[in-house]
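A short worksheet on the structure shown next.
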Amino acid sequence: MPIPPLTPATGPRPLRIPGVFAAVGLLLAGTACAVANTDDGGAADTVRIALPEEPPTLEPCDASLTATGRVTRSNITEALTERVPKTGALEPALATGWEQTSDKTWAFTMREGVTFHDGTAFDAEAAAFSIDRTVDSDIGCNVDGYVFGDSELTAEAVDDHTLEVTTAEPDPILPLRLSFIEIVPSSTDTQDKAREPVGTGPYKIKEWNQGVDLKLQRYDGYWGDKPAYATARYVWRAESSIRAAMVSQGEADIAVGLTPQDSAGDNAVEYPNNETSYMRIDAGEEPLDDIRVRRAINYAIDKKGLVSSVFSGLGQPAGQIVPKGVTGHNEEIQPWPHDPKKAETLIDEARADGVPVDTTITIIGRNGIYPKASEATEVVQRSLIDAGLKVKVKMLDVNAWMEYLLRPFPSDMGPTLLQAQHGNQAGDAAFTMEQIYGSSGAQSSYGTEKLDSMIEEAENAQDEPRQQAFAEALAYQNDEVVRDAVLAHMTGVMAISPDVSYTPNSATNDELRLRGMQPAD
Amino acid sequence: MLAFLWRRIVSSALPLLVVILGVFFLARLTGDPANLYLPLSATPEMRAEFAARNGFDQPVVVQFFDYLGQIARLDFGESLRTAQPAAQAVLQAFPATLQLAGTTMLIAIVAAVVIGSLAAYRPNSLADRAASLLSSTSASVPDFWFAIMLVLVFSVTLNWLPTSGTDGTAAWVLPILTLLIRPFGVLVQVVRGSMVSALSAPYTKVARSKGADEKRVIFGHALRNAAAPALTVAGDLTVSMINGAVVVETIFGWPGIGKLMIDSILERDFAVLQAAVLLTALTIFALNILIDVCYALLDARVRQGVTA
């Protein structure tokens, strides 16, 4: 930093001094309003959690936003149903059972003896209200866009304990979709979002000291098992190495969103985080419109090497975009083998047939999409150059990258590979296939009619045939469409203090269940 | 005097308008917030509804005049992210930054005066060279690196201080140390430079020849005159710190205006960004006017608009 030039000392000017002192004095006076000092220390009945960011709101109908959901979901509010992350099975939560009564209607039985934090009783009326508020109000709920899109549904309380939900089109996975609608009492605001919601969950909001911390307190009237900790205190630090240091220094018990470089040491715990990294191939553009080139790209990339060197061994080389545990995952699809010879041969064949393989392909990368994102694009670039393609890399920030991710795409983008990552937190391939592989999917730049119809068929199927149909669509995509080069199922890192016992799972990024945390023995 | 004040306020209004205009239009060039706020699978209807709800469907110029009208009614809009009034977010964050900046500047000024004066008293002595090395190092160390190193040494290794946060006095030490290095480095150089020329100025020689003791020569004569340029620079440094100590606030989780501004830029949270920039701009203008008024009260040349 340059040192500012000295003001020429032109004779005595003591008059400036009081002015500047006054300015400094004013500054100090402005600080009368103190930064809050709150410290719960390491009290044994408090679990302290370090998050990457403050929740923007705790509004339950925005719980599909990670920053909101990981505090609100299953802690403050609950849904009618609950998905078990490991198996993908759907379990009862506020509903004890459900059945399909006709192709467009479902009946749900409400759990009895459940109360909201404000003391009012939970009933079918509250459930109907919550569904309505999420799907049909003007407050713009994130869950609505994430889970329901433009599908319409109506919910009605038949009696106190029975809820009937009707959809405009048959919806075989309605109970799964409803696991995203958090239930709030009928007194909740329908004109504006509720920053500090009332729910039925095991914890209620105690105090939100904005910018500083958020405290939840155990709700004594909770219907289920009493959680181990009386309070939970959340703080937020943007820097991941600071979050890791907080756990090693005993300032926090749990820190989420770490990278292998954060030196969390013995406290580091790895877990499959439900995300799959891939390169989207914009197959509508020359030379990527030739399937041999797309296959060559898949043969050229050394996925195993990428995982072991760039991702520090965190991750699993992948052959498909949906991981195990999601309905539709196809056990038989293997990651493409690394075969640089074959890649070269395929490119040569395409060249011989007049495909313009010398056109420069641009890899559009996104800084920080996962740890070592730009190194990953460089590895891919190198592999493709070795195979005989011309490739350059362009790293962008989130918003600029979004322009390439979502329709409408920039008109002059040329042949591109887009660095992307997909997480299916809902647990059904319906939340992946249409938007990523459909001809007109929001994130899709290429599709085929055959694949479209396979996806549609799968979406309308139920149970085992549904699994089968999605698995077939994924296999067809992998063999005959080759719209992307899937890299790896990713692994997350969090730090857990030795004083706390908690086992993360693939849903941990989206909901961090306080119920699952206990003092370690 | 009132006329002078009025003149200064009027002449500040134009830059303020430029700031308002700049922030409003530049922010909107950075991309469509719908991409960040809506799920990737959102339908075009949802995007249109989002734009309509937040007024983004209007031409930008119309949005701008709506915004001006809102400011006139002291309505700064609502945060896209939190759905809270933008003014509230900004007013909550500002004191935290002021506290940090004020304390840091006070320490920087005192330390720089002491060390700078000592260095100037015997130019090219060992003390002078040490001071120069210290100040030029601290003026050029990257603050994010320095902050992380401080945490590594004082929290992780020595376990003396908390890594981050605002809990208790100890939590202030590392943020202030990080924030201190740059103004300290600059100020030591300024104090030293002006002290060297003050100590060789005729009035110092006169004072010495009259038999004044060294204490009086240094503090009564030289420092008094050398303080003016140093404090002018200190004023500028203070003003730039009010803009927010982004790095420090981000690393240490300090809930100040710098972190708020950077977040609102990244999140395309226009209302909060605009309110934050407006408040800091107003504060800086007010500070400048206050400083000018103090000069004017004491110096008739400034008051009458005579260029010195």
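In the text below, chain A, chain B and the rest are named by the order of the sequence lines, each starting its count at 1.
A distance of 9.0 Å separates OH in Y146(A) from CG in L40(B), rounded to the nearest 0.5 Å. Interatomic distance, OH of Y37(B) versus CG of L65(A), reported as 10.0 Å (0.5 Å rounding). To the nearest 0.5 Å, atoms CG (D144(A)) and CD (E49(B)) are separated by 8.0 Å. The structure places CD1 of I242(A) at 6.5 Å from CD1 of I251(B), a figure rounded to the nearest 0.5 Å. Atom CD of Q249(A) and atom OG of S155(B) lie 6.5 Å apart (nearest 0.5 Å). How far CG of N209(A) is from OG1 of T166(B): 7.5 Å, rounded to the nearest 0.5 Å.
Atom CD of E53(A) sits in a crowded spot, with more than 12 heavy atoms from other residues, nucleotides or ligands closer than 6.0 Å. Remark: F409(A) CZ is packed, more than 12 non-hydrogen atoms of other residues, nucleotides or ligands lying under 6.0 Å away.
With a 4.5 Å cut-off on non-hydrogen atoms, V151(B) touches chain A through its side chain but not through its backbone. Within the 4.5 angstrom heavy-atom criterion, no atom of L266(B) approaches chain A. Residue F94(B): no heavy atom, backbone or side chain, is found under 4.5 Å from chain A. Residue S241(A) touches chain B through its side chain alone, counting heavy-atom pairs closer than 4.5 Å. Neither the backbone nor the side chain of V143(A) comes within less than 4.5 Å of any heavy atom of chain B.
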- [ ] Assess whether side chain to side chain contact (heavy atoms under 4.5 Å, CB included) is satisfied between K193(A) and T82(B), documenting all intermediate values.
- [x] CA-CA 9 Å; K193(A) 294 202 173 164; T82(B) 67; over 6 Å; no
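Between G145(A) and P39(B), the shortest heavy-atom contact is C-CG, 3.4 Å.
By the 4.5 Å heavy-atom criterion applied to side chains, I139(A) and R53(B) are not counted as neighbours. Under the 4.5 Å side-chain criterion, counting only non-hydrogen atoms from C-beta, L406(A) is in contact with R47(B). Under the 4.5 Å side-chain criterion, counting only non-hydrogen atoms from C-beta, I148(B) is in contact with E239(A).
When the side chain to side chain contact (heavy atoms under 4.5 Å, CB included) test is applied to A48(B), no partner is found at least two apart in sequence or on another chain. Take Q92(B) and apply the side chain to side chain contact (heavy atoms under 4.5 Å, CB included) test, not counting sequence neighbours, and it matches Q210(A), Q88(B).
Here the side chain of E251(A) pairs a donor or acceptor atom with the backbone of T163(B) at under 3.5 angstrom.
Of the listed residues L405(A), D138(A), T57(A), the one with more heavy-atom pairs under 4.5 angstrom with chain B than any other is D138(A). Put simply, of G256(B), G165(B), S79(B), A83(B), the one with the most heavy-atom pairs under 4.5 Å next to chain A is G165(B). Looking only at heavy-atom pairs under 4.5 Å with chain B, the residue among A442(A), G441(A), G140(A) that has the most is G140(A). Ranked by heavy-atom pairs under 4.5 Å with chain B, the first of Q435(A), R195(A), M246(A), Q443(A) is R195(A).
In this structure, D167(B) pairs ionically with R233(A), as a charged nitrogen and a carboxylate oxygen lie closer than 4.0 Å.
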